[in-house]
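Read the structure below first, then the notes.
Both backbone and side-chain heavy atoms feed into the values below; hydrogens, waters and symmetry mates do not. Starting from 1, each residue takes its place in the sequence as its number.
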Amino acid sequence: MRAAGAGALALLVMVAGCSTSGGRDEDRGAGTAISISPLDGAADLPPELPILIGAENGKLTHVAVQAAGRPVAGVFSSDRTQWRSERPMAPGTAYSVEATAAGSGGSATRTVRFATKQAAKTFGISTLLPNKQDTGLTVGVGMPIIITFDKPIGDRVSVERNLIVRASKPIDGAWHWLDDKNVVFRPEKYWPTHTKVRVTARLAGIRGGEGMYGKQDYVRDFEIGRSQISVANTQTHYMKIERDGKQIKNMPISAGMGDVLRHHTTSGIHVAMSREDVTVMTSPDASPGQSGYYETTVYNSVRISNTGEYVHGAPWSVGDQGNSNVSHGCVNVSPENAKWFKNNTLIGDPIVVTGTPRRLEATNGWSYWQDSWPAWLKRSRLRAAPAEIL
């Protein structure tokens, strides 16, 4: 704990066989003692401090803590000689504490008041995925939890410690910082099917950097659906689709033609990021009027990366599907198969591509499964931990 001036020091009230609500500390032998931190009257306290109450030669019989008139949650030690607030204090808030202890040394009561300093700035979450609008709240077994903050986070340890994942089935998982505004959670292995998940960001009053504190808490509930894993083999030109371990489809495909490296479909574990009825595709490396420019409208597509890769309907390549790779990098399927695939894919379903020399980067889209588990943990501040049981 950092020093915070005299206001953060504990107050010790020792009383023998009596009750008190004020007065100076005195040596009362083996009387009951109450210690409270912060001190009565302290102001401009660092919000990240906890509230601590202790009893000596007795047990705490009553503790009431309020923040701007609202109750503050806390926990007693098993022997009721200590009480600690569950969370740090909030910035710009007046607190009151009333504690009573009793024991062989008598009884004691103490009431103190103090206040925290205002936050110089605040931060919150601008995006939390999954959500109802973008992904739906039933997602595939490869779905990551993605948080984007509205301010750069300097104190990642403080923030990560307050990002809590609970699941209805046992999993080991970890957060991973992509940069100072984006943090992602994934399990070590795919989510178990039909798992209920709750992510809680307990950010209200949490330090995110020098003088910056969280504005509010966030909670998101979602569920993992059935397992559907698709494997598109660019050498055999077929995509096998397994649901809950059983093959249900084997679609002819045509993948990237590979005349140059950028026209290879990336090999690796992609994740379905969106389902689109209509998608307009343009060449990423040529402008209108330049050689190689194209603009094509496709239907019934599933996006699998940030570099323009989709599984989509391609009536012009049906004759090549199942025998040749002729696309600019997408996975082409027939219009009928494209409609089925879009309608039967959950956001978060893994879509694995094999057989090309172009490797998928772990930060291309939601392809975080490309990282080995040890590599994933390197950008976690708290490393792996079992999710709490929901």
Side-chain angles (χ1 to χ4, degrees), residues 48 86-88 122-131 134-135 137 139-192 195-210 212-224 268-271 273 306 347-348 350 360-390:
E48 56 263 34
E86 288 184 352
R87 301 179 62 172
T122 60
F123 74 96
I125 289 176
S126 58
T127 305
L128 197 168
L129 297 175
N131 64 22
D134 298 313
T135 64
L137 295 176
V139 294
V141 297
M143 183 70 205
I145 300 171
I146 305 171
I147 291 178
T148 300
F149 296 101
D150 60 7
K151 301 276 195 327
I153 301 301
D155 191 343
R156 297 184 186 181
V157 172
S158 175
V159 171
E160 187 176 326
R161 186 179 289 121
N162 287 281
L163 302 178
I164 301 162
V165 177
R166 296 181 175 91
S168 61
K169 298 181 181 181
I171 63 142
D172 288 329
W175 293 95
H176 175 106
W177 291 85
L178 303 178
D179 52 42
D180 58 7
K181 292 182 72 174
N182 295 278
V183 64
V184 177
F185 179 95
R186 55 156 270 210
E188 181 177 1
K189 301 176 182 178
Y190 292 146
W191 294 95
T195 300
K196 298 183 187 308
V197 184
R198 171 172 293 172
V199 55
T200 303
R202 301 194 311 175
L203 299 181
I206 296 301
R207 185 181 187 275
E210 188 63 36
M212 184 175 73
Y213 297 90
K215 290 182 289 191
Q216 66 183 76
D217 293 345
Y218 302 80
V219 179
R220 180 64 42 79
D221 291 316
F222 63 94
E223 185 171 357
I224 306 301
I269 305 172
H270 302 73
V271 171
M273 302 173 66
N306 279 341
I347 303 303
L360 175 65
E361 302 92 346
T363 54
N364 186 351
W366 299 347
S367 306
Y368 307 120
W369 301 97
Q370 285 292 96
D371 271 343
S372 68
W373 189 237
W376 184 258
L377 295 180
K378 287 181 180 179
R379 294 186 64 84
S380 172
R381 290 297 179 267
L382 301 179
R383 301 298 186 261
E388 297 182 18
I389 297 298
L390 183 63

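Residues Pro192 and Thr195 come closest through the heavy atom pair O-OG1, 2.7 Å. Taking all atoms of both residues into account, the shortest heavy-atom contact from Leu360 to Ser367 is CD2-OG, 3.1 Å. For Ile206 against Asn162, the heavy-atom pair with the smallest separation is CD1-ND2, 3.5 Å.
Residues Met212 and Ile153 have side chains in contact (heavy-atom distance under 4.5 Å, counting atoms from C-beta outward). Leu178 is listed as a side-chain neighbour of Tyr368, based on a closest heavy-atom distance under 4.5 Å. A 4.5 Å side-chain heavy-atom check between Val159 and Trp175 finds every atom pair outside the cut-off. Looking at Val139 and Trp191, their side chains never come closer than 4.5 Å, going by heavy atoms from C-beta outward. Residues Val141 and Pro350 are in side-chain contact: their nearest non-hydrogen atoms beyond the backbone lie under 4.5 Å apart.
Rounding to the nearest 0.5 Å places CD1 of Ile125 at 12.5 Å from NZ of Lys181. Annotation: the span from Trp366 atom CH2 to Asn306 atom CG amounts to 9.5 Å, rounded to 0.5 Å. Taking CG of Asp221 as the reference point, atom CG of Leu390 lies at 7.0 Å (rounded to 0.5 Å). One finds the NZ atom of Lys189 at 9.0 Å from the CG atom of Asp172 (value rounded to the nearest 0.5 Å). Separating the CZ atom in Phe123 from the CD atom in Gln216 is a distance of 10.5 Å, to the nearest 0.5 Å. In this structure, CZ in Arg381 is found 12.5 Å from OG in Ser158, a value given to the nearest 0.5 Å.
A donor-acceptor pair is defined here as one N or O able to donate and one able to accept, closer than 3.5 Å; no such pair exists between the side chain of Asp134 and the backbone of Pro130. The backbone N or O of Val219 sits nowhere less than 3.5 Å from a side-chain atom of Arg198 that would complete a donor-acceptor pair. Using a distance-only test at 3.5 Å, with no hydrogens or angles considered, no donor-acceptor pair links the side chain of Glu223 to the main chain of Leu137. Between the Asp217 side chain and the Leu203 main chain, a donor and an acceptor come within less than 3.5 Å of each other. When atom types are taken as modelled, the side chain of Arg220 and the backbone of Leu128 share a donor-acceptor pair closer than 3.5 angstrom. The main-chain N or O of Glu188 is found under 3.5 Å from a side-chain atom of Arg186 such that the two form a donor-acceptor pair. Remark: side-chain polar atoms of Gln370 are not paired, donor with acceptor, to backbone N or O of Gly268 under 3.5 angstrom. Between the side chain of Glu48 and the backbone N or O of Arg207 there is no donor-acceptor pair closer than 3.5 Å.
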Can you give the donor-acceptor pairs under 3.5 Å from side chains of residues 163-170 to other protein atoms, not counting sequence neighbours?
residue	atom	partner	partner atom	Å
Arg166	NE	Glu388	OE1	3.0
Arg166	NH2	Glu388	OE1	3.4
Ser168	OG	Lys196	N	2.9
Lys169	NZ	Thr193	O	2.6

Using distance only, find each side-chain donor-acceptor pair of residues 143-152 under 3.5 Å and give its atom names and separation, not counting sequence neighbours.
residue	atom	partner	partner atom	Å
Thr148	OG1	Asn182	OD1	2.7
Asp150	OD1	Gly124	N	2.8
Asp150	OD2	Gly124	N	3.4
Asp150	OD2	Lys215	NZ	3.3
Lys151	NZ	Thr122	O	3.2

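Ring geometry, His176 versus Trp376: the interplanar angle falls under 30°, so the pair is classed parallel (tilted spans 30 to 60°).
Here salt bridge (charged side-chain N to carboxylate O under 4.0 Å, His left out) pairs that include residues 365-377, with residues two or more places apart or in two chains, number zero.
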